[in-house]
Amino acid sequence: MSAGLQAEDFTCNGHVEFGIPAQADQYLCRDGYAVGYDYQTKNPAWVAYHITGDGVSIRNRRSNSFKPDKTIPSQYRANLSDYSKSGYDRGHMAPSATMDYTPKAGKESFLLTNMAPQLPGLNRNGWRFLEKEIREWAVDHSELYVVTGPIYYGGPSKYIGDGVAVPDAFFKVVFDPLAFNAIAFISPHQKISKADLTSFITTVDHVEQVTDMDFNQLLSKNYENTMESTQWSLSDW
DNA sequence: TTTGATGT
């Protein structure tokens with residue numbers, strides 16, 4: 001993306017059609033997702049992606065080719081060595097299995113600007129289940145907008161490698177633009193199971209309070225206020 | 001594991 005593009009003009013293939021969640025140091029646009037990147041943490045502040053039921057049903061082979069993102073200035077860029085032997089996974093924000101409707105989109109999901117340090121006990125357990133659930137919801141709901149990212153309570157305090165911040169928690173906001181419903185999650189950064197997930201459902205309002213972001217800000221405020229204060233259960237959504 | 005990663 002050109003350096004001169006203003007945030008308000010950044011819609012990125014429709015991934016942030018309803019407005020960027022927060023200003024960022026650098027905006028990145030890929031086929032499958034949009035990123036607001038944070039220089040201080042060397043992580044994405046948010047990753048937004050629009051998915052359809054048709055798209056998530058198309059699968060291509062997982063690339064597993066993790067790569068540093070050379071569009072980020074080197075002093076702010078995460079590298080493979082930062083994660084190596086850290087004990088943390090390179091945790092996808094926009095999941096590979098959700099992005100793999102084309103080989104190119106799938107490969108792009110392996111850029112480190114789509115990653116944050118994530119404990120295997122989260123990434124490979126409860127979080128993975130949530131990602132799978134969202135793919136199934138995309139089929140049921142026809143299309144969804146998802147925003148996900150890290151949370152640092154009181155600011156970043158723990159790092160791996162050369163200054164890649166370890167999040168305290170992760171959020172997900174899932175918005176159905178046809179039904180005008182939204183469900184949200186905040187998961188602590190710890191081992192969680194599929195069964196634990198239901199206890200981490202919250203409202204979009206709460207995620208906005210914790211992250212200081214604004215989701216779906218371009219929607220009618222009437223819709224937004226109702227939608228963002230609704231607490232869902234997994235079975236009703 | 002048809003997912004999501006690590007280490008050799």
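Worth knowing before you read on, the calculation uses all heavy atoms, side chains too, and leaves out hydrogens, waters and symmetry mates. We name chains A, B, ... by the order of the sequence lines, and we start the count at 1 in each one.
- Of the candidates B/dT6, B/dG4, B/dA5, B/dT6 carries the atom nearest the A/Arg90 side chain, counting heavy atoms from C-beta on.
- Contacts with DNA chain B (heavy atom under 4.0 Å) in residues 133-140 of chain A: A/Arg135, listed by number.
- Between A/Asn123 and the phosphate of B/dG4, there is no side-chain N or O to OP1/OP2 separation shorter than 4.0 Å.
- What separates CZ of A/Arg61 from P of B/dT2 is a distance of 13 Å, to the nearest Å.
- One atom, CG of A/Asn125, and another, P of B/dA5, lie 12 Å apart when rounded to the nearest Å.
- Here the C1' atom of nucleotide B/dA5 and the CH2 atom of A/Trp127 are 17 Å apart, to the nearest Å.
- The six-membered or imidazole ring of A/Tyr49 lies away from that of A/His15, with a centre-to-centre distance of 6.0 Å or more.
- Between A/Phe18 and A/Phe175, the angle of the ring planes goes over 60°, which puts this pair in the perpendicular group of the 30/60° scheme.
- A gap of 13 Å separates the C1' atoms of B/dT1 and B/dA5, to the nearest Å.
- Under the 30°/60° scheme for interplanar angles, the aromatic rings of A/His189 and A/Phe170 are found to stand perpendicular.
- Taking a 4.0 Å limit (strictly below) on heavy-atom distances, residues 77-89 of chain A reaches DNA chain B at A/Lys85, A/Tyr88, A/Asp89.
- Rounded to whole Å, atom P of B/dT2 lies 13 Å from atom CG of A/Asp100.
- The CG-P distance, from A/Asn64 to B/dG7, rounds to 13 Å in whole Å.
- Every residue two or more places apart in sequence or in another chain that forms a side-chain contact (heavy atoms from CB on, under 4.5 Å) with A/Asn64 is listed here: A/Arg62, A/Phe66, A/Phe110.
- For B/dT1, neither phosphate oxygen OP1 nor OP2 lies less than 4.0 angstrom from any side-chain nitrogen or oxygen of A/Arg124.
- Contacts classified as side chain to side chain donor-acceptor pair (under 3.5 Å) and involving residues 71-81 of chain A (residues at least two apart or in different chains) are given here: A/Asp69-A/Thr71.
- Contact between A/Met115 and A/Arg90 at its shortest, heavy atoms only, is SD-O, 3.5 Å.
- Nucleotides of DNA chain B nearest to A/Arg59 and A/Phe66 differ in position, and the one nearer the 5' end is that of A/Arg59.
- For the pair A/Asn114 CG and B/dA5 P, the interatomic distance rounds to 9 Å; values are reported in whole Å.
- Rounded to whole angstrom, the span from the CG atom of A/Leu119 across to the P atom of B/dA5 amounts to 13 Å.
- Listed by first and then second residue, the salt bridge (charged side-chain N to carboxylate O under 4.0 Å, His left out) pairs involving residues 107-116 of chain A are A/Lys104-A/Glu108 (not counting sequence neighbours).
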Under 3.5 Å, which donor-acceptor pairs do the side chains of residues 94-102 of chain A form with other protein atoms, sequence neighbours left out?
{"from": "A/Thr98", "atom 1": "OG1", "to": "A/Arg135", "atom 2": "NH1", "distance (Å)": "2.9"}
{"from": "A/Asp100", "atom 1": "OD1", "to": "A/Arg59", "atom 2": "NE", "distance (Å)": "3.2"}
{"from": "A/Asp100", "atom 1": "OD2", "to": "A/Arg59", "atom 2": "NE", "distance (Å)": "2.9"}
{"from": "A/Asp100", "atom 1": "OD2", "to": "A/Arg59", "atom 2": "NH2", "distance (Å)": "3.3"}
{"from": "A/Thr102", "atom 1": "OG1", "to": "A/Ala105", "atom 2": "N", "distance (Å)": "3.0"}

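- Between A/Pro21 and A/Phe215, the shortest heavy-atom contact is CB-CE2, 3.8 Å.
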